[in-house]
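If you're wondering where the values come from, they're calculated on a predicted model, not measured in any experiment. Chain A is the first sequence line, chain B the second, and so forth, proteins listed ahead of strands; every chain is numbered from 1.
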2 protein chains.
Amino acid sequence: MNFYVDKIKNNGLKVTPRRKAIINIFNHCRVHLTPEDIFTRLKEEFSHCGLPSVYRNLEILAECGILARIYRFDNKRYYGLCHSADGAHHHHIICIKCGTIAPLKGCNLFKRKKINGFKIIDHFIQVDGICKNCQE
Amino acid sequence: MNFYVDKIKNNGLKVTPRRKAIINIFNHCRVHLTPEDIFTRLKEEFSHCGLPSVYRNLEILAECGILARIYRFDNKRYYGLCHSADGAHHHHIICIKCGTIAPLKGCNLFKRKKINGFKIIDHFIQVDGICKNCQE
DNA sequence: AATTTAAATAGAAATTTTTTTCATCTACAT
DNA sequence: ATGTAGATGAAAAAAATTTCTATTTAAATT
Ligand SMILES: [Mn+2]
Ligand SMILES: [Mn+2]
Ligand SMILES: [Zn+2]
Ligand SMILES: [Zn+2]
């Protein structure tokens, strides 16, 4: 948790109970979740809890690099823990059955500065699969 | 347009004026658009036009491989034309200023069957950049 | 420990986005 | 021409997200 606390502080943000709780939820389940999912789980822990706070914090934690934004086309936002202890550039592979997230190493895109005349600003890779557990 | 008509028919779907109009819009502007954008443009051409049809058709055309789904984290869906004349596997690079879409060749992911014990089902790559036009 | 202050929060309300339902219509195979 | 599965618009509903504001809080400073 100290690792995350430092990340938050390094970004000039406050370490609040809500933020620690959100990180704990992700740390505990290692699966990608929607704002609504988080909201539901936070309410078990906090009697008062606002959905706007959840939206704000998920975005803030993604901004800090603590959470990864997961893209799906079902009209929901997803976030997952970006467990990059070493800080090396990576992407994510997610299980379409259970939502488990694993790091995906070996990206050869982040070196390139230009493609097709486009100046590269960012890139996103996501692999969808079925994890060992869900395969049998 | 025949190219698209065939694709639609090959998927057992009907070639309707609405669908042709949507393809025309993308063919004409070569930029990624939201359902709302499309709806606005369709209304210029058709006096009656429903938003549900737009949502349905964008998804259907994406399913056929005619449109590409573009991911952004601004809580809107985006679609763009997937101009794959040769049908070769590819992804897309988009201009974050104007929305222009260009094909991105050379993906080495689609060959792999397994990563980290995950059985690979799908993968998605998107590069965000600034196009030639928008660079100056 | 008390004070200060900018940031974070809850809660309500508003807004935006997306889907459902259903009666009507149409593309296209027969 | 006719039949039929698929497509459509209108209206309504549902779901997702943001805005606003008064209140509270983390943490820096005394
Ligand atoms: Mn990660
Ligand atoms: Mn394409
Ligand atoms: Zn799994
Ligand atoms: Zn551009």
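The main-chain N or O of N57(A) is never found under 3.5 Å from a side-chain atom of R19(A) such that the two would form a donor-acceptor pair. Side-chain atoms of H32(A) come within 3.5 Å of backbone atoms of G99(A) as a donor-acceptor pair (strictly under, hydrogens ignored).
Between K9(A) and P52(B), the residue anchored nearer the 5' end of DNA chain D, judged by the nucleotide with its closest heavy atom, is P52(B). Comparing R77(B) and G12(A) against DNA chain C, the residue whose closest nucleotide sits nearer the 5' end is G12(A). Heavy-atom nearest nucleotides on DNA chain C were determined for D74(A) and for L13(B), and the one closer to the 5' end corresponds to D74(A).
Within the nucleic acid shown, L51(B) comes within 4.0 Å of at least one base atom, counting heavy atoms only. R19(B) comes within contact range of the sugar-phosphate backbone alone, with a heavy-atom separation under 4.0 Å but no base atom that close.
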Requested in this report: Just do the ring-ring contact (aromatic ring centres under 6.0 Å, His included) check on F73(A) and Y71(B) with the steps written out, would you?
Outcome: CA-CA 8 Å; F73(A) 227 68; Y71(B) 292 73; 5.1 Å; yes

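With rounding to whole Å, K14(B) atom NZ is found 13 Å from dT4(D) atom P. For R72(B) and dT16(C), the CZ to P distance is 20 Å, given to the nearest whole Å. When rounded to the nearest whole Å, the span between CD1 of I38(B) and P of dT17(C) equals 15 Å. Regarding L61(A), its CG atom lies at a distance of 13 Å from the C1' atom of dA8(C), rounded to whole Å. Regarding D6(B), its CG atom lies at a distance of 12 Å from the P atom of dC28(C), rounded to whole Å. Between the C1' atom of dA8(C) and the NZ atom of K20(A) lies a distance of 15 Å, rounded to the nearest Å. Going from atom NZ of K43(B) over to atom C1' of dT8(D) covers 16 Å, rounded to whole Å. For R56(B) and dT26(C), the CZ to C1' distance is 14 Å, given to the nearest whole Å.
Distance from the side chain of V15(B) is smallest to dC28(C) among dC28(C), dG9(D), dT9(C). Set against dT18(D), dA10(D), dA27(D), the side chain of N75(B) has dT18(D) as its closest nucleotide. Nearest nucleotide to the side chain of R18(B), out of dT9(C), dT17(D), dT8(D): dT8(D). Checked against dA7(D), dT17(D), dG9(D), the side chain of Y55(A) finds its nearest nucleotide in dT17(D). Closest to the side chain of P17(A), from the set dA26(D), dT19(C), dT19(D), is dA26(D).
Counting heavy atoms from C-beta outward, D122(A) and I96(B) have side chains that stay 4.5 Å or more apart. Side-chain atoms of L33(A) and R41(A), non-hydrogen and from C-beta on, do get closer than 4.5 Å to each other.
The side chain of H48(A) places no N or O atom within less than 4.0 Å of a non-bridging phosphate oxygen (OP1 or OP2) of dT9(C). Distances shorter than 4.0 Å separate some side-chain N or O of K76(B) from OP1 or OP2 on dT17(C). Here T16(A) does not reach the OP1 or OP2 of dA7(C): none of its side-chain N or O atoms lies under 4.0 Å away.
Shown here for L13(A) and C64(A), the closest heavy-atom pair between the two residues is CD1-SG, 3.7 Å.
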